J.: 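I have a structure here, written as structure tokens, and I will follow up with some questions on it.
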Amino acid sequence: MATRLMFENSCEVGVFSKLTNAFCLVAIGGSESFYSTFEAELADVIPVVKTSIGGNRIIGRLCVGNKNGLLLPHTTTDQELQHLRNSLPDQVVVQRIEERLSALGNCIACNDHVALAHTDLDRETEEIIADVLGVEVFRQTIAGNILVGSYCSFSNRGGLVHPHTSIEDLDELSTLLQVPLVAGTVNRGSEVIGAGLTVNDWTAFCGSDTTATELSVIESVFKLREAQPNAIVDEMRKSLIDSYV
Amino acid sequence: MPRGPTRDKRRTYKSKDQKGFPLSSKDKGIPKHTLEGKSDLSGSSEEEGSEGVVQADFVFFDPKPDDFHGVKILLQTYLDDTQWDLSGFVDLILAQTTVGTVVKMEGDDDDTPFSIVTALNLGRYKDHKCIKELKEFLLKVCQEKDVIRDLRLLMGEQAHDVGLLVSQRVVNLPPQLLPPLHDALFDEVSWATEDEPTAELRNSFRFKCYLLVSKIYKKNNRNLIRRSGSDGGDGIVYIKPEDENFHKLSLWSFSFPMHAQQVETQEASNIVVCFFWF
């Protein structure tokens, strides 16, 4: 099910949060209702962790992660790194990387199997992504935009990309990612999908400006209507139980 | 519903000094960033000449629904960091095409608004959620007892005579645009009192007074002993220069501290609500 919410009057939910199948990161500050909306949906399934990255609240755009790992930019402080390592499940490898393009969330989009990366990313970073996140990395553009993390959002079940993506690009990306893709918008016509939406295999959060049409597109492409968290989380249950018994 | 002839409200303003020459920063001694500064919403860039002189033509438009995102960003901190129906408020502003102006740059592909100016009748829109929340918020933050009584009256029984003046812009919008922008607003209000199709609508623009919510910088109490002659006599720094004039003309005003932006040094940011009769 998709939920609509706001962070301090901003509908850019994907900027202030990062959702994966194994954990959820939420920015500090803002009202408690932002955090509690996530808690209400996710609390008994995956840990919801409040954090900042390099003192910033725009955590969704600075980090990238999936069920295997979390990559943080070099601006992350030691305390934040430690806090994340302590709060996240053990099987999630938390690593801070030295990359000139430090807004990792804008440059990289990934699910549990495949990642799309900014064309100018370092080779070393690409190897770390493949290693830590356990994914195959493809350097791509989306509708001519190099910030792939900003203009698309995909899970293991489907993906939403920039509305101006051509049919050929859509087919090519769909083949690479092995998931069905749809070109669409979020937050009442905003093209910046990654900023307006955060999604995992069974739930999605988007800004409250999102229209009913956009919401139904999101629910259908990410197959959220029939999704049950337990089925997906069961395979990870052994390692997750360690962290919140 | 048949509409009367609309006046030609679309105007182009070239950034020029009084003599009509194109504005250049070195001629007038205006700091460079006035024209070449970019707002955080403008994706497109202006061509920078070798001496740093930038030409910018600004156009005034009627509000239209496509401006939603740009105007929403401009009004993001309108009511401090309260969560309220900002989207509904922006929709109200954009739906009122007869009174209200959006300033954009000529030839800008992004079509981003640089400024929004409008006047909303509190009585006409009193049933909208955003206006109710706005009234609640202002009544809640008003700390001064003598003002709150007047404020309550104006939000309640006299709401249909009150115009909420909404004026927001990017920080570096050239000040030469301000007089025509405000003239345009008040002209449109007086035209609307004649041109609107129904008597009810015509009367809704006969404002007896305006209410303005704006941001200023005010010195922190603990630093009152230190005197600095650079700002206004009462220690207020106005972000928008016309606010100082409005404040002087106002019947009453009050200020309250903002939470969304804390400035650590001597000044804390506040919002002043001014009120005046015309």
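Quick caveat: nothing in here was measured; it's all calculated off a predicted structure. Here is how names work: the chains are called A, B, and so on, in the same order as the sequence lines, proteins then strands, and each is numbered from 1.
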J.: Could you look at A/Ser190 and say if it's the side chain, the backbone, both or neither that has a heavy atom under 4.5 Å from chain B?
T.: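 Both parts, heavy atoms under 4.5 Å.
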J.: Closest heavy-atom contact between A/Asn9 and B/Gln83?
T.: OD1-CA, 3.7 Å
J.: Check A/Arg188 against B/His69 and note the closest heavy-atom contact, atom names and distance.
T.: O-NE2, 2.8 Å
J.: Please test A/Met6 against B/Leu86 for side chain to side chain contact (heavy atoms under 4.5 Å, CB included), starting from the C-alpha separation and ending with a verdict.
T.: CA-CA 11 Å; A/Met6 285 212 285; B/Leu86 178 60; over 6 Å; no
J.: Could you tell me which portion of B/Asp66 (side chain, backbone, both or neither) has an atom closer than 4.5 angstrom to a non-hydrogen atom of chain A?
T.: neither
J.: If you count the non-hydrogen atoms of other residues, nucleotides and ligands that lie under 6.0 Å from NZ in B/Lys64, is the total more than 12?
T.: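 It does: B/Lys64 NZ has more than 12 such atoms within range.
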